[in-house]
2 protein chains.
Amino acid sequence: MVAPKVEDYLKSIYRLQDRDTPAMTAEVAAAMGVKPPTVTAMLQRMADDGLVHYQRYQGARLTERGEKGALKVLRNHRLLELFLTEELGYDWAEVHDEADVLEHHLSVTLVERIEVLLGSPAVDPHGEPIPTADLEIRECETQQSLAECQEGTVAVVSEVRESSADVLSYLANSGISLGTELEVVETAPFGMITCEVRTTEKPLSLPTDVAAEIYVSRPAEPAENERRQYNEA
Amino acid sequence: MVAPKVEDYLKSIYRLQDRDTPAMTAEVAAAMGVKPPTVTAMLQRMADDGLVHYQRYQGARLTERGEKGALKVLRNHRLLELFLTEELGYDWAEVHDEADVLEHHLSVTLVERIEVLLGSPAVDPHGEPIPTADLEIRECETQQSLAECQEGTVAVVSEVRESSADVLSYLANSGISLGTELEVVETAPFGMITCEVRTTEKPLSLPTDVAAEIYVSRPAEPAENERRQYNEA
DNA sequence: GCTTTTGTTTAGACGTATCTAAATCATGTT
DNA sequence: AACATGATTTAGATACGTCTAAACAAAAGC
């Protein structure tokens, strides 16, 4: 089995690698909160173990096995997050740190039982998709980042990614949760976007980097033939 | 904070040490499934950290701090066992291994929430007392080991300690659970005790070492002034 | 009381995960 | 094309948790 630390590296690399660009040493080091030499040593061992493709100075890319490992941890993490909110009264700002620790220590049996208890949910409390037991993940294609929306766009929040507890709390206090309807009222030229939150009727201004982590999809109301305007803008 | 491995050593020493006899190196090694030199090294580090009193060749004894550490882990373990049975459908034979891993990775917050959810329970699924949040443990004084009962004793099962999953499953299949009423019908001279299980009306024979882990108390029915006969036999 | 046995400790080693300091590679600039 | 800059890797160290083999202490046996 894969050690807890290795699982953390798998997660980081999974998030950092891109179709064309591998995860670079410095990026992984920053994500993991360690120094670059530590990452180099780790990547070398992980390459020996067949978890990543690694060539020195060229960064790392997950192998098939490495990706499965990453998805297993992601599955545990997201099921835990939902479990903690549903069964133990956590709110979406609190769950992340707890899940980050526990995700490495769940037996297969326990994960299964949690999944059954929750009714095989599709997404976690942040709207992120939960990999299935056979480690398939279905990315939602009908959503876009709030940062990419133009003025006038009306959309509902469908996912809030990788944000700190502070930011998540702030958003919750501002009336933002999954399903909240927003209208983009202004995009300022200095990296700020302002929307109106439908539930509170209040405007909310966010820096682009925060908005970039908020994903939205077109509202449920419009009929099939009206969708296009939000997707192809 | 105390490392997971150290917590496991604390647990072992807690179980092994006695009022007058400290936990000896070989005992700890057997309990932990490691070789004696490993234990020696660990005890030396733990002594440096103020967790045990240790003098070479004389075994180890928990300090105040060490005992608090052990009780914290015990508390986590037992709350988890109960949580897993109550909320996730585990039975008493399955919970131990899962709890043994998770017990080291619960935040204070999570433990509190589990305890609240369970309604501040006094005992775990095996009847073992759960240390309170301020790490006090109240050993039950009104119970005795089944192995020490004489023929004719009628008593109810109040605790089943430190048994393997196999043994626990066997006992459950034999109708033994917390609250089951037993009558000791025979104590054989070769280390075996036979009782009749009241719920199944069937006799059950157990080797003394298994019976020694089953604790019983006098039945609930008798009035206050009749108790004595069971306690002072 | 000496010796054997048993249990314990020391010595030396290895794998994991980390660090700092120094060497090396890759690249963008001039 | 040479150089300077920045990222990456190597080298060497430390802490943890484990091992085997060898030295040593304590208890038991004669």
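The basis for the numbers below is simple: all heavy atoms, side chains too, and nothing from hydrogens, waters or symmetry mates. All values reported here derive from a predicted model rather than from experimental measurement.
In summary, A:R78 and A:E103 do not engage in a salt bridge, as defined by a charged side-chain N under 4.0 Å from a carboxylate O. At a threshold of 4.0 Å, the pair A:E67-A:R65 does not count as salt-bridged, since none of the basic side-chain nitrogens sits closer than that to a carboxylate oxygen. With salt bridges taken as basic N to acidic carboxylate O contacts below 4.0 Å, one links A:R161 and A:E159. The pair A:D100-A:K11 meets the salt-bridge criterion, since a charged nitrogen lies less than 4.0 angstrom from a carboxylate oxygen.
The line from CG of B:L110 to CG of B:N76 is 8.5 Å long, rounded to the nearest 0.5 Å.
Rounded to whole angstrom, the span from the CE atom of A:M46 across to the P atom of D:dT9 amounts to 14 Å. One interatomic measurement links the two molecules: CD of B:Q44 to P of D:dT18, which rounds to 14 Å at whole-angstrom precision. The nearest whole Å value for the distance from the CG atom in A:L43 to the P atom in C:dT16 is 15 Å.
Residues from residues 19-27 of chain B with heavy atoms under 4.0 angstrom of DNA chain C, sorted by number: B:M24, B:T25, B:A26. Within residues 31-38 of chain A, the residues that have a heavy atom under 4.0 Å from DNA chain D are, in order of number, A:P36, A:P37. Taking every heavy atom of residues 54-71 of chain B and every atom of DNA chain C, pairs under 4.0 Å involve B:Y54, B:R56, B:Y57, by number.
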Kindly list each side-chain donor-acceptor pair under 3.5 angstrom involving residues 31-43 of chain B, sequence neighbours excluded, with atom names and distances?
from: B:T38; atom 1: OG1; to: B:K35; atom 2: O; distance (Å): 3.4
from: B:T40; atom 1: OG1; to: B:P36; atom 2: O; distance (Å): 3.4

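Contact check for A:E27 versus A:M24: side-chain heavy atoms found under the 4.5 Å cut-off.
The ring-ring contact (aromatic ring centres under 6.0 Å, His included) check on A:H105 picks up B:H105, with sequence neighbours excluded.
For the pair B:V39 and A:M42, nearest-nucleotide mapping onto DNA chain C gives the more 5' position to B:V39.
The environment of A:Q55 atom CD is sparse: at most 12 non-hydrogen atoms of other residues, nucleotides or ligands sit within 6.0 angstrom.
Under the ring-ring contact (aromatic ring centres under 6.0 Å, His included) criterion, the residue pairs touching residues 31-79 of chain B are B:H77-B:H96, with sequence neighbours excluded.
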